[in-house]
Amino acid sequence: RDLPKIFVSYREFGYGVNYRLTGEPLSLDDGAELVLYRIVFDSLENIRQHSPQGTEVDIDFIWQGNAMQLVIKDNGEETRNRLEEAISGYTVEEDHRALIERPTGANLNALQERAALYEGAIEFGKVPGVGFTVSAAFPNIAKYRKATN
């Protein structure tokens with residue numbers, strides 16, 4: 001419920017935030033909602049730290065039966081290259097590294113641990129020449145529905 005406010009804030013920071021919802025969302029307990037919120041918030045913070053203004057961000061919530069997937073993609077690298085008006089310094093080796101090296105860091109590890117609490121898995125990766133993608137899948141998220149009175 002707080003995500004639309006954050007999207008507005010990031011648009012004011014100069015980032016294009018595109019939000020899409022597919023399927024029928026479930027009403028989740030507070031802990032599950034917090035995990036999804038933190039994935040989005042931490043991803044946006046990462047984009048703000050590492051990508052220039054003008055970067056486009058796509059945030060997709062995909063609900064299917066008992067499962068959901070959250071995908072966050074940015075084009076920060078593409079935007080940076082366009083702003084520099086040349087791909088100076090960008091090499092095939094960078095593409096190769098982006099394809100084989102797994103991003104690491106304390107924040108990424110924390111997101112993986114949070115997702116695992118709700119039987120979720122999260123993947124991070126650079127898209128060579130484009131940006132960064134975060135994909136979180138929760139195959140049994142329906143188990144964490146908000147209790148009804």
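In this chain, residues are counted from 1 in sequence order.
- The CE atom of M68 sits 13.0 Å away from atom CD of E24, with the distance rounded to the nearest 0.5 Å.
- Within the model, atoms NZ of K73 and OG1 of T133 stand 6.5 Å from one another, a figure rounded to the nearest 0.5 Å.
- The aromatic rings of Y37 and F41 lie parallel to each other, their planes meeting at an angle below 30°, with 60° marking the opposite boundary.
- Ring centroids of Y118 and Y144 are separated by less than 6.0 Å, placing the two rings close together.
- Under the 4.5 Å side-chain heavy-atom criterion for grouping Ile, Leu, Val, Met, Phe, Trp and Tyr, V134 is connected to L117 within one hydrophobic cluster.
- Atom OG1 of residue T22 and atom CG of residue D60 lie 6.0 Å apart, to the nearest 0.5 angstrom.
- Inter-residue side-chain proximity for Q69 and Q64 is flagged as unmet; no heavy-atom pair is nearer than 4.5 Å.
- The distance between the ring centers of F13 and Y10 falls below 6.0 angstrom.
- Of all heavy-atom pairs spanning N140 and E119, the tightest one is ND2-OE1, 3.0 Å.
- Ion pairing between D29 and K143 fails under the 4.0 Å rule for side-chain N and carboxylate O.
- Side-chain atoms of E78 do not come within 3.5 Å of backbone N or O of G129 as any donor-acceptor pair.
- Going from atom CD1 of I62 over to atom CG of L21 covers 9.5 Å, rounded to the nearest 0.5 Å.
- For the atom pair E45 CD and R38 CZ, the distance stands at 9.5 Å (nearest 0.5 Å).
- With sequence neighbours excluded, the residues satisfying salt bridge (charged side-chain N to carboxylate O under 4.0 Å, His left out) with E33 are R1.
- In terms of heavy-atom proximity, L28 sits nearest to K146 at O-CE, 3.2 Å.
- A distance of 8.0 Å separates CZ in F132 from OG in S43, rounded to the nearest 0.5 Å.
- Hydrophobic clustering (side-chain heavy atoms under 4.5 Å, transitive across Ile, Leu, Val, Met, Phe, Trp, Tyr) groups Y15 together with F7.
- Closest of all the heavy-atom pairs between I122 and Q112 is CG2-CG, 3.1 Å.
- Note on I6 and V71: separate hydrophobic clusters, where clusters join Ile, Leu, Val, Met, Phe, Trp and Tyr whose side-chain heavy atoms are under 4.5 Å apart, directly or indirectly.
- With no hydrogens or angles considered, no side-chain donor-acceptor pair links E56 and N75 at under 3.5 Å.
- Contact record, G76 with P52: O-CD, 3.6 Å, taken as the closest heavy-atom pair.
- Cluster membership check: L3 shares its hydrophobic cluster with I141, using side-chain heavy-atom separations under 4.5 Å among Ile, Leu, Val, Met, Phe, Trp and Tyr.
- For the pair N81/L83, no side-chain contact is recorded, criterion being any heavy-atom separation below 4.5 Å from C-beta on.
- Here the shortest heavy-atom pairing between A142 and R145 reads O-CG, 3.1 Å.
- Side-chain atoms of S51 never come within 3.5 Å of backbone atoms of R48 as a donor-acceptor pair (strictly under, hydrogens ignored).
- Between Y19 and F61, the ring planes are perpendicular. Angles over 60° get that label, and only those under 30° would be called parallel.
- Although no hydrogens or angles enter the test, the distance criterion places no donor-acceptor pair under 3.5 Å between the side chain of R20 and the main chain of I59.
- L44 has its side chain within reach of V40: a pair of non-hydrogen atoms, C-beta onward, lies under 4.5 Å apart.
- Minimum interatomic distance between I72 and V57 (heavy atoms only, all atoms of both residues): CG2-CG1, 4.0 Å.
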